[in-house]
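Everything on this sheet refers to the single structure shown next.
A quick note: this is a predicted structure, and the numbers were derived from the prediction, not measured. As the structure lists them, so they are numbered: ligands from 1, and atoms in each ligand from 1.
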Amino acid sequence: GDEFALLISRSQMSGRLLKFVDDLTHALKQPLSYNKTDVQCGASIGVRRIESSATDVSALMKEADLALLSAKSGGGGVWKEYSEGFKARIRGQRELAQDLAKAIETNSLKLQYQPIVDAKTGAVTGVEALSRWYHPVRGTVSPSEFIPIAEDNGIIIELGDRVIENVIESAVEMPANTKIGINISPLQLHSSRILSVIQQKLNDTGFDPCRVELEITESVFLSDNAFILDRLRKLKGSGVRIAMDDFGTGVSSLAYLQRFPFDNFKLEHAFVSVIETSDQSRAIARATISMAHARKLTGTAEGVENDMQARFLREQGCDELQGFLFSRPQDQAALIPYLRSMEMVHEAKSSKGDNVVEMKRT
Ligand code: C2E
Ligand code: MG
Ligand code: MG
């Protein structure tokens, strides 16, 4: 549908060939005028140089395709030339996908929970559930690596179902009022199973739905918005909260997102981490928080690592803070005693009248 092959015949002039591919990539990036509108397209190019002895056309096309995949993987708009290393990498990824499918099937992915605190009082208001995969040979594989693999291989739905079920089951043991954030992949949101899986688990456990906060990212809005709006409304109808995760990295403005039923905006770590040095990040953080409040929504800052960041965000009226400054993600076994001890600290502070302001913005 959207792939083209170009056969270029050159004899012994590889320098000119690569210059041609460079020029082609550049030319394809130029805006086109269509119906009085400028349309910006672009292309990724996979290059396979053919030796005169090569005869297996289908193998060569597959190899050109591997180069194309590699060109696309970094965001596209570039060209890559095929090398033997590509095959090994693809094989490695395929094996990893198979191992991941097995880990999901045997329910052996683990969960860690990172506490989220009230910016004013320091009391723990909730936790975010984060999936962990300990591979027997490769060791710890980060979710930033295995979630995209699960998405590419259609196993994210299975993974997401397990996460929802396991998180709600574990959450029953957490102190009342602890909110539970669950990351939801855009593909999961498109699957009709999400509604029934959540509903079923809430019914089985009797867990209060308003303690569940589904975290979705802006990439959800790259597709059919009417469908997404309807899906989010149905989820909200089951009583759960919806958060916009990693806010600020995408292209949507709060004004655009206002039609969707969010309860909370999570300010992306990338802004928080440069608050001390970047005027622009400070301005974005400030604007996000005040616009969220104007819409009667709450704001959570992610990736808070030092006191200066926490102070600035608190001064801007940010509602909740999350980051290594407060706690790293923890296993459930460590989390429950941690939450109880934090509750006790907070109660002691309250009874001494230490500057405890209202617990939660509604
Ligand atoms: P996220 O939802 O934005 O989660 C926050 C990430 O920031 C976590 O990375 C967390 O460990 C990290 N983090 C928290 N505080 C700090 C800090 O102070 N400094 C720094 N440098 N990092 C901090 P993690 O666990 O590696 O997860 C990465 C991403 O993978 C998550 O980003 C989320 O998008 C995705 N993910 C994790 N678990 C799941 C899951 O069960 N399902 C889906 N669909 N996605 C998941
Ligand atoms: Mg998240
Ligand atoms: Mg995030």
Shortest-distance N, O or S atom of Glu128 relative to the Mg ion (ligand 2): OE2
Mode of Thr217 contact toward ligand 1 - side chain, backbone, both, neither (heavy atoms, under 4.0 Å): neither
Under 3.5 Å: donor-acceptor pair, side chain of Thr288, backbone of Leu267: no
Identified side chain to side chain contact (heavy atoms under 4.5 Å, CB included) partner of Val212 from the options Leu235, Ile164, Ile198, Leu202: Leu202
Under 4.0 Å to a heavy atom of Pro329 - the qualifying atoms of ligand 1, by number: 11 (O)
Atom 44 (N) of ligand 1 - nearest protein heavy atom and its distance: Ser185 N, 3.5 Å
Distance-only N or O hit between ligand 1 and Ser142, under 3.5 Å: no
Atom indices of ligand 1 within 4.0 angstrom of Asp246 heavy atoms, with elements: 3 (O)
Electrostatic pair Glu165:Arg162 at N-O distance under 4.0 angstrom: yes
Protein non-hydrogen atom found under 4.0 Å from atom 28 (C) of ligand 1: yes
Ligand-side contact atoms (ligand 1) for residue partner Asp245, heavy atom cut-off under 4.0 Å: 1 (P), 2 (O), 3 (O)
Ring geometry between Phe146 and Trp133 (parallel below 30°, tilted from 30 to 60°, perpendicular above 60°): perpendicular
Heavy atom of the protein closest to atom 36 (N) of ligand 1 (residue, atom name, distance): Pro143 CB, 4.0 Å
Nearest non-hydrogen protein atom, atom 34 (O) of ligand 1: Asn183 OD1, 4.3 Å
Neighbour count above 12 (heavy atom, 6.0 Å) for Arg233 CZ: no
Vertex the Mg ion (ligand 3), arms to Glu302 OE1 and Asp246 OD1, rounded to 10°: 80°
Minimum-distance protein heavy atom relative to atom 5 (C) of ligand 1: Glu302 OE2, 4.0 Å
Positive for side chain to side chain contact (heavy atoms under 4.5 Å, CB included) with Ser44, one of Leu28, Leu68, Thr25: Leu68
Short N or O distance, Gln188 and ligand 1, threshold 3.5 Å exclusive: no
Atoms of ligand 1, numbered as shown, that sit under 4.0 Å from any heavy atom of Val163: 41 (O)
Closest protein heavy atom (residue, atom, distance) for atom 13 (N) of ligand 1: Phe324 CE2, 3.8 Å
Main-chain N/O of Ser281 paired to Ser278 side chain as donor or acceptor, under 3.5 Å: yes
OE1 (Glu215) to the Mg ion (ligand 2) to OD2 (Asp245) angle, given to the nearest 10 degrees: 90°
Protein non-hydrogen atom found under 4.0 Å from atom 32 (O) of ligand 1: no
Donor-acceptor contact present, side-chain Gln332 to main-chain Ser170, <3.5 Å: yes
Donor-acceptor pair between Thr300 and Asn264 side chains, under 3.5 angstrom: yes
Region of Gln114 that comes within reach of ligand 1 [heavy atoms, distance under 4.0 Å]: side chain
Sidechain-backbone polar pair: Arg132 side chain, Lys110 backbone, donor-acceptor under 3.5 Å: no
Side chain, backbone, both or neither: Arg328 near ligand 1, heavy atoms under 4.0 Å: neither
Glu305: numbered ligand 1 atoms lying under 4.0 Å from its heavy atoms: 17 (C), 18 (O), 19 (N), 20 (C), 21 (N)
Derivation and outcome, side-chain contact (heavy atoms from CB on, under 4.5 Å), residues Leu257 and Phe265: CA-CA 11 Å; Leu257 292 171; Phe265 275 75; 4.0 Å; yes
Atom 7 (O) of ligand 1 protein-contacted, heavy-atom criterion under 4.0 angstrom: no
Glu128 and ligand 1 - part of the residue with a heavy-atom distance under 4.0 Å: side chain
Ligand 1 atoms in contact with Ser144 (distance to a heavy atom under 4.0 Å): 28 (C)
Heavy atoms from other residues, nucleotides or ligands near CE of Met61 exceed 12 (cutoff 6.0 Å): no
Donor-acceptor under 3.5 Å (Asn153 side chain, Ile149 main chain): yes
Over 12 foreign heavy atoms within 6.0 Å of CD, Gln30: yes
Backbone or side-chain N/O/S of Thr217 under 2.8 Å of the Mg ion (ligand 2): no
From the candidates Leu109, Leu130, Thr140, Val304, the one that places a heavy atom nearest atom 10 (C) of ligand 1: Leu130
salt_bridge(Glu320, Lys266) N-O dist < 4.0 Å: no
Gln322 near ligand 1 by a heavy-atom separation under 4.0 Å: no
Gly323 N/O under 3.5 Å from ligand 1 N/O: no
Nearest non-hydrogen protein atom, atom 40 (C) of ligand 1: Ser131 OG, 3.5 Å
Pairing of Lys62 and Asp65 as salt bridge, 4.0 angstrom limit: no
